[in-house]
Amino acid sequence: MMSRLLFVFLQQFVICVILIIRTYALYNRNKRLIIWVTFILIVLAGGVSAATFGQYAGNLTISPGVGCFTTYTVEISARLGLAWVAILAFEALIFVLTVYQTCKSRGLSRLRLVTRRNILDVMFHDGVMYFGAMTLCNIPNIMMYYYGSAVIRGNVGLAAFTSCMSVTLISRLMLNLHKSVDSGVLSVPAQDDDHCLSVFTTSISIQSAIA
């Protein structure tokens, strides 16, 4: 059980790092932003690690009549649920930063969820869809930890499904970003067609990047 929790923790940490990198690119490599967002991630990760693993040993119980299923006490379940709350809060922060920068660059009246004319559109569209999908997965998952039965809290909750969904969606986000330019996404900034917003693309033609 400890190894499974550790795997999920590392998995979610990597996803959060990818979200930070995307936001860093969206904000034209703003160093102050990445320092603050990274600091927030480290604080949340430290708190989650202390709450989840600090007193983990010796706090698992085997529920009578459930066979070999490992179940959590209410206290342990609440701590594990808090970890998912922290993840949801961090994703909400990234979502707010994404929407704010897009509104600042495009204007509220020009936000699009359907068209994908350039990289900014792709990042905004994918960011909104990712946050919406993960919120729909995370809220029931969190509710299971706080209000589910003992067996559900320990084994049949939505944690595995939520974790798999987050990995799948973040992979899809990066593939969409890669697809938006012909040669992939590396590290040379290109200008958006409407405003002076730099985003990470390759060294190919700017016209190809914003087509």
Side-chain angles (χ1 to χ4, degrees), residues 6-52 82-108 110-111 116 118-135 138 162-163 165-181 183-204 206 209-210:
L6 182 60
F7 176 75
V8 172
F9 174 82
L10 293 176
Q11 196 176 64
Q12 295 303 312
F13 185 82
V14 171
I15 289 172
C16 289
V17 170
I18 294 174
L19 292 175
I20 289 177
I21 294 173
R22 286 172 56 90
T23 307
Y24 177 60
L26 187 62
Y27 275 77
N28 194 19
R29 294 173 290 178
N30 187 310
K31 290 182 172 56
R32 180 178 298 179
L33 174 76
I34 196 173
I35 289 172
W36 277 107
V37 177
T38 302
F39 175 76
I40 292 171
L41 176 61
I42 292 173
V43 170
L44 290 176
V48 167
S49 299
T52 304
L82 186 61
W84 289 104
V85 171
I87 292 172
L88 182 60
F90 185 81
E91 290 173 346
L93 172 63
I94 296 296
F95 172 73
V96 170
L97 290 173
T98 300
V99 173
Y100 173 78
Q101 181 64 13
T102 307
C103 289
K104 182 179 176 181
S105 302
R106 296 286 194 193
L108 185 61
R110 301 188 62 189
L111 294 182
R116 289 170 173 256
N118 52 40
I119 293 177
L120 182 60
D121 288 343
V122 171
M123 294 186 71
F124 173 69
H125 179 276
D126 289 350
V128 171
M129 293 302 176
Y130 176 84
F131 178 73
M134 290 312 303
T135 299
N138 257 321
T162 303
S163 181
M165 280 296 296
S166 62
V167 172
T168 302
L169 291 175
I170 201 67
S171 300
R172 185 69 259 174
L173 261 62
M174 298 311 296
L175 288 174
N176 285 344
L177 194 58
H178 188 280
K179 186 180 178 181
S180 65
V181 287
S183 301
V185 180
L186 295 178
S187 58
V188 179
Q191 296 296 325
D192 180 71
D193 57 343
D194 295 325
H195 298 271
C196 294
L197 173 69
S198 296
V199 291
F200 284 157
T201 67
T202 59
S203 55
I204 61 172
I206 294 176
I210 64 177

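Computed from a predicted structure; not experimentally measured. What you see below is based on every heavy atom in this structure, not just the backbone, and it leaves out hydrogens, waters and symmetry mates.
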Nearest heavy-atom pair of [X] and [Y]: which atoms, and what distance?
X	Y	value
V48	A83	CG1-CB, 3.5 Å
F90	I20	CZ-CG1, 3.6 Å
F131	E91	CD1-O, 3.7 Å
I170	V167	CG2-O, 3.3 Å

Measure from the side-chain N and O atoms of S166 to the backbone N and O of S163, and report whether any donor-acceptor pair falls under 3.5 Å.
yes
Quick one: does Y27's side chain have a donor or acceptor within less than 3.5 Å of a partner on L97's backbone?
yes
Can you confirm whether [X] sits close enough to [Y] that some side-chain heavy atom of one is under 4.5 Å from a side-chain heavy atom of the other?
X	Y	answer
R172	M129	no
V17	L41	yes
V128	F124	yes
V14	L10	no
V37	T23	no
M134	L169	yes
R22	L26	no

Separation of [Y] [atom2] from [X] [atom1] (nearest 0.5 Å):
X	Y	atom1	atom2	value
L44	C16	CG	SG	8.0 Å
S171	I15	OG	CD1	7.5 Å
L19	I87	CG	CD1	11.0 Å
Y24	L33	OH	CG	9.5 Å
D126	L173	CG	CG	4.5 Å
K31	R29	NZ	CZ	7.5 Å

More than 12 heavy atoms of other groups within 6.0 Å of F9 CZ:
yes
Audit row: I18, M174, side-chain contact (heavy atoms from CB on, under 4.5 Å) steps and yes/no:
CA-CA 9 Å; I18 294 174; M174 298 311 296; 3.7 Å; yes
